[in-house]
Amino acid sequence: MKRIAVIGSGTMGNGIAHVFAQNGFPVSLIDISEEALQKALGTISKNLDRIVAKGNLTEEQKQQTLNNISTHTSMEEGVKDADLVVEAATENVDLKLNIFRDLEKFTKPEAILASNTSSISITKIASVTNRPDKVIGMHFMNPVPVMKLVEVIRGYSTSDEVTTQVIELSKKLGKVPAEANDYPGFVANRILMPMINEAIYSLFEGVAGVEEIDTIMKLGMAHPMGPLQLADFIGLDVCLSILNVLHDGFGNPKYAPCPLLVNMVQAGHKGIKSGQGFYSWTHGTKELVVAERFRK
Ligand SMILES: NC(=O)c1ccc[n+]([C@@H]2O[C@H](COP(=O)([O-])OP(=O)(O)OC[C@H]3O[C@@H](n4cnc5c(N)ncnc54)[C@H](O)[C@@H]3O)[C@@H](O)[C@H]2O)c1
């Protein structure tokens, strides 16, 4: 696999383009918004500066990395030569199905089509193409240049050959791939989201406060941050939507989202992105201040 196309240049797309480009792959970065593309290039350049400052990359390698990236607002133009497309557009089923219908038309028939979706069925995405054996999940973690894991998700019809190719490619990026089958939440979110939901239930039922829950899980389990802080980072709306996918997909009440989470999202308290969640983020992300509502 030589030429890569990345669809969507937001949080994940710019990181995915960055790691491919830094590892010598020519990347077409595609977004419907020219502004998003320019922002992504700025973010990639800043992130590369950080790697240069640490002595892990030369200024020349930084330039080569940036030269490996071309930007496009036309999907047809951006994907025409791609051997692998990684779709990292907004998490919305209909939007992704439309993108994959277009990819079926605009890519070479042998191209592998991957999605970075957190929760949408790879099998469902594959069903709108004529090559379900070549459709696969490549679930990178945020921030992509830092996080080692790629959860490789096999749809119901994904071939062994394509899975092996994607696993080998992930290793070439310096990542550690781990294979999972396509069931709701795959592995990462199937385990993470119930933990976050249980933390929210513990708060909702008055078992402990925000700081106590996060301190217990952070220090007791050696997690880098507590589950409530992590939920604020991920976005409470994103957590709610993934819990709904688990709840609907398995029909098991153990995945039912905590009513407190539902209320917070309805009130627009979505975590860092809205400034308020379990913590108040109005002063930035350095200082942890428990949101007023949860102060004792
Ligand atoms: N943010 C995370 O922590 C995270 C982690 C793992 C996986 N994901 C998954 O990655 C995907 C992207 O998430 P994100 O957080 O980067 O979203 P984001 O909102 O930051 O970026 C999405 C980008 O997609 C673009 N876009 C929308 N429709 C498009 C189209 N038709 N063609 C091309 N571009 C289009 C938007 O303009 C935007 O720039 C989602 O599927 C999400 O579930 C996110």
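Remember, it's a predicted structure, so these values are computed and weren't measured experimentally. First listed ligand is number 1; within each ligand, the first listed atom is number 1.
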Hey, which atoms in ligand 1 end up nearer than 4.0 Å to a heavy atom of [X]?
| X | value |
| --- | --- |
| L95 | 28 (N) |
| I7 | 32 (N), 33 (C) |
| H139 | 6 (C), 7 (C) |
| A36 | 39 (O) |
| I99 | 30 (C), 31 (N) |
| N142 | 3 (O) |
| T117 | 41 (O) |

Would you call [X] and [Y] a salt bridge, using N to O less than 4.0 angstrom?
| X | Y | answer |
| --- | --- | --- |
| D81 | K2 | no |
| D102 | K105 | yes |
| E168 | K171 | yes |
| D182 | K124 | no |

Can you pull out the closest protein heavy atom to [atom]? Residue, atom name and distance to 0.1 Å, please.
| atom | value |
| --- | --- |
| atom 11 (C) of ligand 1 | A89 O, 3.4 Å |
| atom 21 (O) of ligand 1 | G10 CA, 3.3 Å |
| atom 39 (O) of ligand 1 | D31 OD2, 2.7 Å |
| atom 13 (O) of ligand 1 | M12 CG, 4.0 Å |
| atom 27 (C) of ligand 1 | T90 OG1, 3.3 Å |
| atom 10 (O) of ligand 1 | N116 ND2, 2.9 Å |
| atom 7 (C) of ligand 1 | S118 OG, 3.1 Å |

TODO: Decide yes or no for S170 and M138: does some side-chain heavy atom of the first lie under 4.5 Å from some side-chain heavy atom of the second?
DONE: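 They are in side-chain contact.
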Is the shortest heavy-atom distance from the side chain of E91 to the side chain of K96 under 4.5 Å?
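Contact flag for E91/K96 side chains = yes.
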Please confirm whether [X] comes within less than 3.5 Å of ligand 1 when only nitrogen or oxygen atoms on both sides are compared.
| X | value |
| --- | --- |
| S33 | no |
| E91 | yes |
| E87 | no |

- Do you see a donor-acceptor pair shorter than 3.5 Å between the side chains of S115 and E87?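 Yes.
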key: Under 3.5 Å side-chain donor-acceptor pair for E292 and S280   = no
Against ligand 1, does [X] come closer than 4.0 Å with any heavy atom?
| X | answer |
| --- | --- |
| I234 | no |
| K96 | yes |
| F140 | yes |

Exercise for the section: Using protein heavy atoms only, decide if any is under 4.0 Å from atom 34 (N) of ligand 1. Expected result: yes
Does atom 37 (O) of ligand 1 have a protein heavy-atom neighbour under 4.0 Å away?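 Given the 4.0 Å cut-off, atom 37 (O) of ligand 1 counts as touching protein heavy atoms.
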query = Shared ILVMFWY cluster between F294 and M217, side chains joined below 4.5 angstrom?
reply =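 Same cluster: F294 reaches M217 through Ile, Leu, Val, Met, Phe, Trp or Tyr contacts under 4.5 Å.
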Those residues at least two apart in sequence (or on a different chain) that pass ring-ring contact (aromatic ring centres under 6.0 Å, His included) with F186 are none
- Any residue meeting ring-ring contact (aromatic ring centres under 6.0 Å, His included) with F25, in chain and number order, not counting sequence neighbours: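 So F25 forms a ring-ring contact (aromatic ring centres under 6.0 Å, His included) with F20.
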query: For the atom pair CG (L103) and CD1 (I112), what is the distance rounded to the nearest 0.5 Å?
result: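 L103 atom CG to I112 atom CD1 measures 13.0 Å (nearest 0.5 Å).
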Exceeds 12 heavy-atom contacts within 6.0 angstrom, atom NZ of K218:
no
